[in-house]
Enquirer: 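Sending over a structure as structure tokens; questions will come in a sec.
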Amino acid sequence: MSFFDQNRHMTLREQAPLAERMRPRTIDEVKGQQHILGQGRLLRRAIMADRLTSLIFYGPPGTGKTTLARVIANTTKMAFEQLNAVTAGVADIRKIIAAAKERLGFHGQRTILFVDEIHRFNKSQQDALLPHVEDGTIVLIGATTENPYFEVNAPLVSRSRIFRLEPLSENEMQEVLEQALSDEERGLGSMQVHLDDDAMAHLVRVANGDARTALNALELAALTTEPVDGGRHLTLEVAAESIQQRALIYDKNGDQHYDTVSAFIKSMRGSDPDAALYWLARMIYAGEDPVFIARRIVICASEDVGNADPHALLVAMAAAQAVQFLGLPEGRIPLAQAVTYIACAPKGNAAYKGINAALEDVKNEQAISVPKHLRDASYKGASKLGHGEGYRYPHDAPGHYVAQQYLPDNLVGREYYQPSNSGYEKTHRERLQTWRGEKR
């Protein structure tokens, strides 16, 4: 390395952002992720024993994916190479593979290749890695914020262990900030920074489990605060200015999308209008397609409310039409109206369960012919075949009801629709008990 390269690396190391300077160097310095790094856990054992196989670290920004790769680089006896999928191409991959083969042949040393943002590699780039991961020339460590089961080629996923990293807890975030405040070598200890408790709480809360965001905001607050008597006092106002409004993590094609929608539907189903409105707001704020939201509301109105309150489906459909007519931001109002109506409505899923049970019988039971008295007798020659013979017209009977067979012969007695005692379904239940009693 030339003098200029050395000088450049030293300058970058000294002037690197606080989040980079405070990056853990050993496995014991890593905060959080005890579900994969706790004593006795598989990943910790593999790192400490230097017996790694291919891995993919998956999780939100700032949870330690690159940090874990650096910890492995500091721990392993294997050679360590790194690529960023945003800037690297197939030529870069081939160059590293060639070096790895030479290293393995001459020195018997294996190579770890860390690929940051691996989901950004296209199919051909991922395919270029596959045979060398498969034969053990390289041990692949990928890092991604996207669900690897969606964004990484299935052959690579099948040859890797997937480890999901979770956002840091508030206590873990506070530990990260306190360490940065006290560390005189890599942190802000020499600047004598005092962070008010409410300012600390704000940084922890707004960073939303992202250590990098919290550390960058802390550094900005410290550097832009004039020292007084040799120290810097960071108030809540300063902290709020430094971190500004948080960027909500929400990928429309990944886990955040599906998890948020799931919470939204379950909150309506669970009759919690406050939670349902919160998840609705999360989706709107993140830029979710309002038509998609409206579809989920319509489904919930029919599946979870059903005939307990038939008006729920009408309200949901009206909201779906209104949001297409109005667009956002005004469309949020009919969406909220439908969401709160459904959340507060009596619940009944009898129709949903009924159609599923009927479909199972269609799939599994013999398809017996339609009973003759139910067949169409209007077309030419049908009456001569006995179609419609014996059919009794319900409107000619008292109460507009006639106890006669409507199911195929092999399914007589099946009761797919079992209305609850909730809301309007109670009326259905009482009627059916009478009608079904007459059939027996």
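Values in this document were obtained by computation on a predicted structure and should not be read as measured data. The basis for the numbers below is simple: all heavy atoms, side chains too, and nothing from hydrogens, waters or symmetry mates.
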Enquirer: Under 4.5 Å between any side-chain heavy atoms of Asp272 and Lys266, yes or no?
Expert: no

Enquirer: Can you name the residues that form a salt bridge (charged side-chain N to carboxylate O under 4.0 Å, His left out) with Lys77, not counting sequence neighbours?
Expert: none

Enquirer: To the nearest 0.5 Å, tell me how far Ile36 CD1 sits from Phe163 CZ.
Expert: 6.5 Å

Enquirer: In chain order, what residues pass the ring-ring contact (aromatic ring centres under 6.0 Å, His included) check against His400, with sequence neighbours excluded?
Expert: His395

Enquirer: Looking only at side-chain N and O atoms, does Asp361 offer a donor or acceptor that is under 3.5 Å from a partner on Tyr416?
Expert: yes

Enquirer: Is there a side-chain contact (heavy atoms from CB on, under 4.5 Å) between Leu218 and Leu234 once you walk through the steps?
Expert: CA-CA 9 Å; Leu218 176 62; Leu234 306 186; 3.8 Å; yes

Enquirer: Are any side-chain N or O atoms of Arg186 and backbone N or O atoms of Arg23, one a donor and one an acceptor, separated by less than 3.5 Å?
Expert: yes

Enquirer: Are side-chain heavy atoms of Thr340 and Leu277 found at a separation under 4.5 Å?
Expert: yes

Enquirer: Starting at CG of Leu42, measure out to OG1 of Thr53 and round the result to the nearest 0.5 Å.
Expert: 7.5 Å

Enquirer: Any ion pair linking Glu219 and Arg21 (charged N to carboxylate O, less than 4.0 Å)?
Expert: yes

Enquirer: Taking the side chain as every heavy atom from C-beta outward, state whether Leu55 and Leu43 have any atom pair closer than 4.5 Å.
Expert: yes

Enquirer: Would you say Leu181 and Met200 make side-chain contact, with heavy atoms under 4.5 Å?
Expert: yes

Enquirer: With no hydrogens and no angle check, just 3.5 Å: does a side-chain donor-acceptor pair link Glu360 and Asn364?
Expert: yes

Enquirer: Hey, are the side chains of Ile299 and Ile265 touching, using non-hydrogen atoms and a 4.5 Å cut-off?
Expert: no

Enquirer: Near Arg161 CZ, under 6.0 Å, is it more than 12 heavy atoms from other residues, nucleotides or ligands?
Expert: no

Enquirer: Between Thr225 and Ala222, is there a donor-acceptor pair closer than 3.5 Å when you use the side chain of the first and the backbone of the second?
Expert: no

Enquirer: For Gln324 and Gln321, indicate whether the former's side chain and the latter's backbone hold a donor-acceptor pair under 3.5 Å.
Expert: no

Enquirer: Would Lys353 and Gln418 satisfy side-chain contact (heavy atoms from CB on, under 4.5 Å), going step by step from the backbone distance to the final call?
Expert: CA-CA 8 Å; Lys353 292 170 69 175; Gln418 298 286 346; over 6 Å; no

Enquirer: Check whether more than 12 heavy atoms from other residues, nucleotides or ligands sit under 6.0 Å from atom CZ of Arg41, and answer yes or no.
Expert: no

Enquirer: Give the minimum heavy-atom separation between Val115 and Phe121, together with the two atoms involved.
Expert: CG1-CE1, 3.5 Å

Enquirer: From Arg332 CZ over to Ile284 CD1, what is the distance, rounded to the nearest 0.5 angstrom?
Expert: 8.0 Å

Enquirer: Is the shortest distance from a Lys or Arg side-chain nitrogen in Arg70 or Glu20 to a carboxylate oxygen in the other one below 4.0 Å?
Expert: yes

Enquirer: Quick check: does any side chain N or O of Gln192 sit under 3.5 Å from a backbone N or O of Gly230, one acting as donor and the other as acceptor?
Expert: no

Enquirer: Under the side-chain contact (heavy atoms from CB on, under 4.5 Å) criterion, do Val139 and Leu113 qualify, and how do the steps go?
Expert: CA-CA 6 Å; Val139 173; Leu113 172 59; over 6 Å; no

Enquirer: How far does CD1 of Ile138 sit from CD1 of Ile93, to the nearest 0.5 angstrom?
Expert: 8.5 Å

Enquirer: Provide the closest heavy-atom pair for Tyr401 versus Trp435 in the form atom of the first, atom of the second, distance.
Expert: OH-O, 3.1 Å

Enquirer: If I compare all heavy atoms of Ile243 with all of Ala207, which pair ends up nearest, and what's the gap?
Expert: CD1-N, 3.9 Å

Enquirer: Please answer whether the main-chain N or O of Gln39 pairs with a side-chain N or O of Arg44 as donor and acceptor at a distance below 3.5 Å.
Expert: no

Enquirer: Do you know the tightest heavy-atom contact between Ser271 and Lys347?
Expert: OG-NZ, 3.0 Å

Enquirer: Should the heavy atoms of other residues, nucleotides or ligands under 6.0 Å from CZ of Arg94 be counted, would the total exceed 12?
Expert: no

Enquirer: Looking only at atom types and distance, does a side-chain atom of Thr76 sit under 3.5 Å from a main-chain N or O of Ile72, one as donor and one as acceptor?
Expert: no

Enquirer: Do side-chain atoms of Gln126 reach the backbone of Asn153 as a donor and acceptor pair under 3.5 angstrom?
Expert: yes

Enquirer: Where the side chain of Ser54 meets the backbone of Ser160, is there a donor-acceptor pair that is under 3.5 Å apart?
Expert: no

Enquirer: Measuring from Glu237:CD to Ser242:OG, what's the distance to the nearest 0.5 Å?
Expert: 10.5 Å

Enquirer: Less than 3.5 Å apart, any donor N or O on the side chain of His119 or Thr144 sitting next to an acceptor on the other?
Expert: yes

Enquirer: Under a 4.5 Å cut-off applied to non-hydrogen side-chain atoms, are Ile297 and Val339 in contact?
Expert: yes

Enquirer: Would the number of heavy atoms belonging to other residues, nucleotides or ligands and lying under 6.0 Å from CG of Asp135 be above 12?
Expert: yes

Enquirer: Would you say the side chain of Asp210 lies within less than 4.5 Å of the side chain of Pro60, judging by non-hydrogen atoms?
Expert: no

Enquirer: Answer with yes or no whether the side chains of Ser169 and Asn171 bring together a donor and an acceptor at under 3.5 Å.
Expert: no

Enquirer: Please name the pair of heavy atoms, one in Ala350 and one in Tyr417, separated by the smallest distance, quoted to 0.1 Å.
Expert: CB-CE1, 3.4 Å

Enquirer: Can you see which heavy atom on Gln33 is nearest to which on Thr63, and at what distance?
Expert: NE2-O, 3.2 Å

Enquirer: Looking only at side-chain N and O atoms, does Asp196 offer a donor or acceptor that is under 3.5 Å from a partner on His233?
Expert: yes

Enquirer: Between Glu29 and Arg25, is there a donor-acceptor pair closer than 3.5 Å when you use the side chain of the first and the backbone of the second?
Expert: yes

Enquirer: Let me see the working for Val305 and Tyr341 under side-chain contact (heavy atoms from CB on, under 4.5 Å), right down to the final yes or no.
Expert: CA-CA 10 Å; Val305 177; Tyr341 188 98; over 6 Å; no

Enquirer: If you apply the rule salt bridge (Lys or Arg N to Asp or Glu O under 4.0 Å), what do you find for Glu288 with Arg296, and how did you get there?
Expert: CA-CA 12 Å; Glu288 182 60 82; Arg296 308 317 298 178; over 6 Å; no

Enquirer: Just wondering, do Thr66 and Phe114 contact through their side chains at under 4.5 Å, heavy atoms?
Expert: yes

Enquirer: Can a donor-acceptor pair be found between the side chains of Asp28 and Thr26 at a distance below 3.5 Å?
Expert: no

Enquirer: Would the distance check show the side chain of Ser267 and the main-chain N or O of Ala263 forming a donor-acceptor pair, the cut-off being under 3.5 Å?
Expert: yes

Enquirer: Nearest 0.5 Å please: distance from the CD atom of Gln109 over to the CZ atom of Arg103.
Expert: 6.0 Å

Enquirer: Has His35 got more than 12 heavy atoms of other residues, nucleotides or ligands less than 6.0 Å from its NE2?
Expert: yes

Enquirer: Would you say CD of Glu166 has more than 12 non-hydrogen atoms from neighbouring residues, nucleotides or ligands within 6.0 angstrom?
Expert: yes

